[in-house]
Amino acid sequence: MYPNAHCELDFTSPLELLVATILSAQCTDRRVNAVTPTLFARYPAAADYAAADRAELEELIRPTGFFRAKAGNLIGLGQELCARFGGEVPGRLADLVSLPGVGRKTANVVLGNAFGVPGITVDTHFGRLARRFGWTRASDPVKVEHAIGDLFPPEDWTLLSHRMIWHGRRVCHARRPACGACDLARWCPSYGEGPTDEAAARKLVRNGPFS
DNA sequence: ATCCCGAGGG
DNA sequence: CCCTCTGGAT
């Protein structure tokens, strides 16, 4: 299932992916991709964000929501990248997380999709599905990440993240999950009166299309 | 726990 | 009109 699941943000470099991912918070990828062509042309390098006019930057990213906070983060991001990393995007989790507007989820997206480092991207979708599948009961994203790390080998992490997110977006919605159209329903502990035990969760790992 | 914030769907 | 959308910082 979802053999070609991939990052749906448009980007051609680690910096572009990092910026796009920051903008994608509480916002659809479609709206991010609508503003990034102009944004990337206007600010090709980290130094360009560092020197950006605040009002102009805010106007460019306005449709993505939270535009004041995001603009401030992007300017701070450019400044930090220039001051501490020679204008380049670092490829280590601890460095990425130290940047303005970059949390663990965003850092893992960049690691997995721009640096080829296995990363489990626990966003709102991944966390919700992991709990519905019985893979964990934790709500803390870091605990979810560790639980999934024990269930799947590192080489599966990045693709698994994309598949979980695709499935969450298209079928296993937060409010009204489309269980009737879900290929995983027969294995899902949360479907109908189905089993809610741990064995059912393990079957989803072994036999489910996510394995 | 709360705020940031616009856009589209039910 | 209410809800949600690939979060992060305070």
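Hydrogens, waters and symmetry mates are skipped; everything else that's a heavy atom, side chains included, is used.
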So, for A/W135 and A/F152, is the gap between ring centers shorter than 6.0 Å? yes
Any side-chain N or O of A/R175 less than 4.0 Å from the OP1 or OP2 oxygen of C/dT4? yes
Cation-pi check for A/Y2 against A/R163: NZ or CZ below 6.0 Å from the six-membered ring centre and within 45 degrees of the axis, yes or no? no
Provide, to the nearest angstrom, the distance between the CZ atom belonging to A/R176 and the P atom belonging to C/dC5. 14 Å
Describe the nucleic acid contact of A/T106 in one word from base, sugar-phosphate, nothing, applying a heavy-atom distance below 4.0 Å. sugar-phosphate
Check the pair A/T136, A/K143 against side-chain contact (heavy atoms from CB on, under 4.5 Å), reporting the backbone distance first and the verdict last. CA-CA 8 Å; A/T136 179; A/K143 290 182 179 174; 5.7 Å; no
Among the candidates C/dC3, C/dT6, C/dG8, find the nucleotide nearest to the side-chain atoms of A/R169. C/dT6
For the rings on A/W166 and A/H125, is their centre-to-centre separation under 6.0 Å? no
What is the distance, to the nearest angstrom, from the CZ atom on A/R104 to the P atom on C/dG7? 16 Å
What is the distance, rounded to the nearest whole Å, between atom CZ of A/F67 and atom P of C/dA9? 19 Å
A/E80 CD to C/dG8 P: how many Å, rounded? 17 Å
Within the pair A/R31 and B/dG6, is there a side-chain N or O less than 4.0 Å away from OP1 or OP2? no
Whole-Å distance, A/D123 CG to C/dG8 C1', equals 14 Å
In whole Å, what is the span from the CD1 atom of A/I148 to the C1' atom of C/dT6? 16 Å
Look at all strands and tell whether A/L99 reaches a base, only sugar-phosphate, or nothing, counting heavy atoms closer than 4.0 Å. sugar-phosphate
Is the ring centre of A/F66 under 5.5 Å from the base ring centre of B/dC4, and are the two planes under 30° apart, so that they stack? yes
Can you tell me the distance, in whole Å, between the NE2 atom of A/H173 and the P atom of B/dG9? 13 Å
Looking at C/dG7, B/dC5, C/dC5, which one has an atom nearest to any side-chain atom of A/R128? C/dC5
Say we look at B/dA7 and C/dG8: how far apart would their P atoms be, to the nearest angstrom? 22 Å
Given atom CD1 of A/I22 and atom P of C/dG7, what is their separation to the nearest angstrom? 13 Å
With a non-hydrogen cut-off below 4.0 angstrom, is A/N73 in contact with a base, only sugar-phosphate, or nothing? nothing
Which residue, A/W166 or A/G101, contacts DNA chain C at a nucleotide closer to its 5' end, judged by nearest heavy atom? A/W166
I would like to know whether A/T28 and A/V32 meet side-chain contact (heavy atoms from CB on, under 4.5 Å); could you show each step before the answer? CA-CA 7 Å; A/T28 59; A/V32 174; over 6 Å; no
Pairwise P distance, C/dC1 and B/dC5 [rounded to whole Å]: 23 Å
Separation of the C1' atoms in B/dC4 and C/dT4, to the nearest angstrom: 16 Å
Given C/dC3, C/dG7, C/dT6, identify the nucleotide with an atom nearest to the side chain of A/T121. C/dT6
Partner of A/N113 under side-chain contact (heavy atoms from CB on, under 4.5 Å), picked from A/L17, A/N108, A/L9, is A/L17
May I ask you to evaluate whether A/S24 reaches the phosphate of C/dG7, defined as a side-chain N or O under 4.0 Å from OP1 or OP2? no
